[in-house]
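Numbers here are sequence positions counted from 1.
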Amino acid sequence: MLFSEQFITIIILTTLIGSYLIDNIADFLNLGNLNQPLPKEFNGYYDSQKYIESQNYLKANTKFGFITSSFDLTIILLFWFSGGFQFIDSFVRSFNLSPIVSGLFFAGILLLLKLLISLPFSIYSTFVIEEKFGFNKTTPMLFFADLIKSIVLSAVLGGIILSLILGFLEFGGQFAWIMCWAASTIFLLVVQYIVPTWIMPLFNKFTPLENGPLKEAILNYAKSIDFSLSNIFVMDGSKRSSKSNAFFTGFGKNKRIVLFDTLIKEQSIKELVSILAHEMGHFKKKHIIKRMILGIFQMGFIFYLISIFISNESLFHAFFMKDVSIYAGLIFFSMLYSPINLFISILLQISSRKDEYEADRFAAKTIKDSGPLINALKKLSVHNLSNLTPHPFYVFLNYSHPPVLKRINTLESL
């Protein structure tokens, strides 16, 4: 028995409540940082009314986030200490199913409950907050169609990998964690290939970028840095939101650039090329591979810890469970692992922000001009009502990208 029931309870409770308090302190500090004038770098991009609107957008989302997180914490604690996990486990066991099927059933019920609880908040966020600030383009029919597709995909893909993990942990012996690690790694790599071609088209329409000055400029730039590229697509992002973005997805022959239709309308050709130069910089600097390798090693670390704690009786007693099971142990371990996960996520975000600076420098140097990327960042920030003055502590906890002002100042120094 590695830890006592009381010790495990204290760790998880401290993590849940501590994370809640830290997140809300960060939000409070972030709101306090709004009392600053419009940064001089954005003169000519923001008018006073638009700047106030961006601040109100942050206030609305922060207030809503506080309500959501408070409700979630309350529900988790009530469910835990009222014996909710034991109630569901007794219900699942009454069917006398195999361990793997029971595990899928148990996880499915918990995920369904989580979905039903979060659904009203998701609806409010989309159709009230995003609508109020002019972003939402999603219709109720599209919203629920997306929801159904997501549920089906989660059930199929999640069911496959969870079945494998449950099977290995149930019958794999001392090397079960290595089998889980290997299976999850293969699954991750396979998903990287099927997402661009099979999954994403279920939600959006991807149209090859038509021949013209933009495509020619992108291909010429890619050729100048010896970047193999043939798939450039325009995504109909405007059918859900007026926000703009661009991204890379996939590997090898499935590698593709995706531009939101809203982005093309807002940016000049030079600015669009600079945005994609930044994304290509991530590939050329091996950031994507580095993040994937780190993720794979993190999975191995997690599965090793799972092999140690998965059958610890104290872990189950802490959640008022009568029977030990692999499937419930996975759920409980995820909560016990939260403090480590928080620490690792902070380290990964520090690394991610460093990578973003490096990709910015790559784009500016290969284009031989930092101006287009600076202008693109300013336009994106204004269009998406981004927070221009986030508090450093909030950035430390939550930002995978550096604040836009720091990125602009760094680019100007080049």
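- Using modelled atom types and a 3.5 Å distance limit, the side chains of Thr366 and Tyr221 yield a donor-acceptor pair.
- Lys270 places none of its side-chain heavy atoms less than 4.5 Å from the side chain of Asn375.
- For the residue pair Tyr124 / Glu131, no side-chain donor-acceptor distance below 3.5 Å is found, with atom types taken as modelled.
- Residues Met299 and Ile302 are not in side-chain contact: their nearest non-hydrogen atoms beyond the backbone lie 4.5 Å or more apart.
- When atom types are taken as modelled, the side chain of Ser325 and the backbone of Gly103 share no donor-acceptor pair closer than 3.5 angstrom.
- No side-chain heavy atom of Asn56 sits under 4.5 Å from any side-chain heavy atom of Leu385.
- Taking a cutoff of 4.0 Å between a charged side-chain nitrogen and a carboxylate oxygen, Asp355 and Lys290 qualify as a salt bridge.
- Between Phe127 and Phe143, the distance separating the two ring centers is shorter than 6.0 angstrom.
- Centroid-to-centroid, the aromatic rings of Phe85 and Trp80 stay 6.0 Å apart or farther.
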Would you please test Asn341 and Gln298 for side-chain contact (heavy atoms from CB on, under 4.5 Å) and show each step? CA-CA 10 Å; Asn341 187 57; Gln298 185 182 359; 3.8 Å; yes
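- Surrounding NZ of Lys284 are more than 12 heavy atoms belonging to other residues, nucleotides or ligands, all under 6.0 Å away.
- Looking only at distances, a side-chain donor or acceptor of Trp181 sits under 3.5 Å from a matching main-chain atom of Ile296.
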Could you walk me through whether Glu356 and Arg291 pass the salt bridge (Lys or Arg N to Asp or Glu O under 4.0 Å) test, one step at a time? CA-CA 13 Å; Glu356 294 302 324; Arg291 292 172 190 177; 3.6 Å; yes
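- Within 6.0 Å of the CD atom in Gln36, the count of heavy atoms belonging to other residues, nucleotides or ligands exceeds 12.
- The aromatic ring centroids of Phe362 and Phe227 lie 6.0 Å or more from each other.
- Side-chain contact, Asn33 with Thr389: no donor N or O sits under 3.5 Å from an acceptor N or O.
- Atom OG1 of Thr138 is separated from atom CD1 of Ile123 by 12.0 Å, given to the nearest 0.5 angstrom.
- We find the CG-OG distance between Leu38 and Ser54 to be 8.5 Å, quoted to the nearest 0.5 Å.
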Steps toward side-chain hydrogen bond (donor to acceptor under 3.5 Å, both in side chains) verdict (Ser238, Lys265): CA-CA 11 Å; Ser238 59; Lys265 294 177 183 177; 5.1 Å; no
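- The backbone N or O of Met335 sits less than 3.5 Å from a side-chain atom of Ser338, completing a donor-acceptor pair.
- Remark: the backbone N or O of Ser386 is not paired with any side-chain donor or acceptor of Asn384 at under 3.5 angstrom.
- No side-chain N or O of Tyr20 forms a donor-acceptor pair with one of Asp72 less than 3.5 Å apart.
- Side chains of Leu259 and Ile275 form no contact here, defined as non-hydrogen atoms less than 4.5 Å apart.
- The closest donor-acceptor contact from the side chain of Asn30 to the backbone of Ala26 lies at 3.5 Å or more, if one exists at all.
- A tilted orientation is assigned to the rings of Phe42 and Tyr46, their planes being inclined by 30° to 60°.
- Within 6.0 Å of atom NZ in Lys406, 12 or fewer heavy atoms from other residues, nucleotides or ligands are found, so the atom counts as exposed in its surroundings.
- Within 6.0 Å of CZ on Phe87 lie no more than 12 heavy atoms contributed by other residues, nucleotides or ligands.
- Judged purely by atom type and a 3.5 angstrom limit, Ser352 has no side-chain atom pairing as donor or acceptor with the backbone of Leu348.
- The minimum heavy-atom distance between Pro201 and Val195, with the atom names listed, is CD-O, 4.1 Å.
- The neighbour count for Phe175 CZ, taken as heavy atoms of other residues, nucleotides or ligands under 6.0 Å away, does not exceed 12.
- Looking only at side-chain heavy atoms (C-beta outward), Asp89 and Arg93 come within less than 4.5 Å of each other.
- In this structure, Phe121 has its ring center closer than 6.0 angstrom to the ring center of Phe71.
- We find the NZ-CZ distance between Lys378 and Arg407 to be 13.5 Å, quoted to the nearest 0.5 Å.
- A cation-pi arrangement is present between Lys149 and Phe203 under the rule of less than 6.0 angstrom and at most 45 degrees off the ring axis.
- A distance-only check finds no donor-acceptor pair linking the side chain of Ser102 to the backbone of Pro99 [under 3.5 Å].
- Note that the CD1 atom of Ile344 and the CG atom of Leu294 stand 10.0 Å from one another [nearest 0.5 Å].
- Classified by interplanar angle (parallel below 30°, tilted 30° to 60°, perpendicular above 60°), the ring pair Phe283/Phe248 is tilted.
- With Ser118 contributing its side chain and Leu115 its backbone, the two residues share a donor-acceptor pair below 3.5 Å.
- Every residue two or more places apart in sequence or in another chain that forms a side chain to side chain contact (heavy atoms under 4.5 Å, CB included) with Leu411 is listed here: Asp360, Ala364, Ser370, Leu373, Ile374, Leu377, Leu414.
- Neither side chain, Ser345 nor Gln349, offers a donor N or O lying under 3.5 Å from an acceptor on the other.
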May I have the step-by-step check of side-chain contact (heavy atoms from CB on, under 4.5 Å) for Ser184 and Ile165, ending in yes or no? CA-CA 8 Å; Ser184 298; Ile165 290 171; 4.0 Å; yes
From CA spacing to verdict: side-chain contact (heavy atoms from CB on, under 4.5 Å), Phe106, Ile331: CA-CA 10 Å; Phe106 184 82; Ile331 303 295; 4.0 Å; yes
Worked verdict on Thr207 versus Asp261 for side-chain contact (heavy atoms from CB on, under 4.5 Å): CA-CA 10 Å; Thr207 306; Asp261 52 0; over 6 Å; no
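- In this structure a side-chain-to-backbone donor-acceptor pair under 3.5 Å is present from Asn220 to Glu216.
- Side-chain atoms of Asn387 and Tyr57 include no donor-acceptor pair closer than 3.5 Å.
- Using the six-membered ring where Trp is involved, Phe95 and Phe91 have ring planes that are perpendicular, over 60° apart on the 30 and 60° scheme.
- Phe206 contributes atom CZ, which lies 12.0 Å from atom CG of Asn231 (distance to the nearest 0.5 angstrom).
- To the nearest 0.5 angstrom, Phe233 atom CZ is 11.0 Å from Ile257 atom CD1.
- The two atoms that bring Glu271 and Pro372 nearest to each other are CG-O, 3.4 Å, heavy atoms only.
- Residue-environment remark: NZ (Lys239) exceeds the threshold of 12 foreign heavy atoms within 6.0 Å.
- When each of Arg240, Lys137, Lys243 is paired with Glu130, the salt bridge (Lys or Arg N to Asp or Glu O under 4.0 Å) condition holds for Lys243 and for no other.
- Around the CG atom of Asp226, the shell of radius 6.0 Å holds no more than 12 heavy atoms that belong to other residues, nucleotides or ligands.
- Of the possible polar contacts, one joining the Asp236 side chain to the Lys205 backbone as a donor-acceptor pair under 3.5 Å is found.
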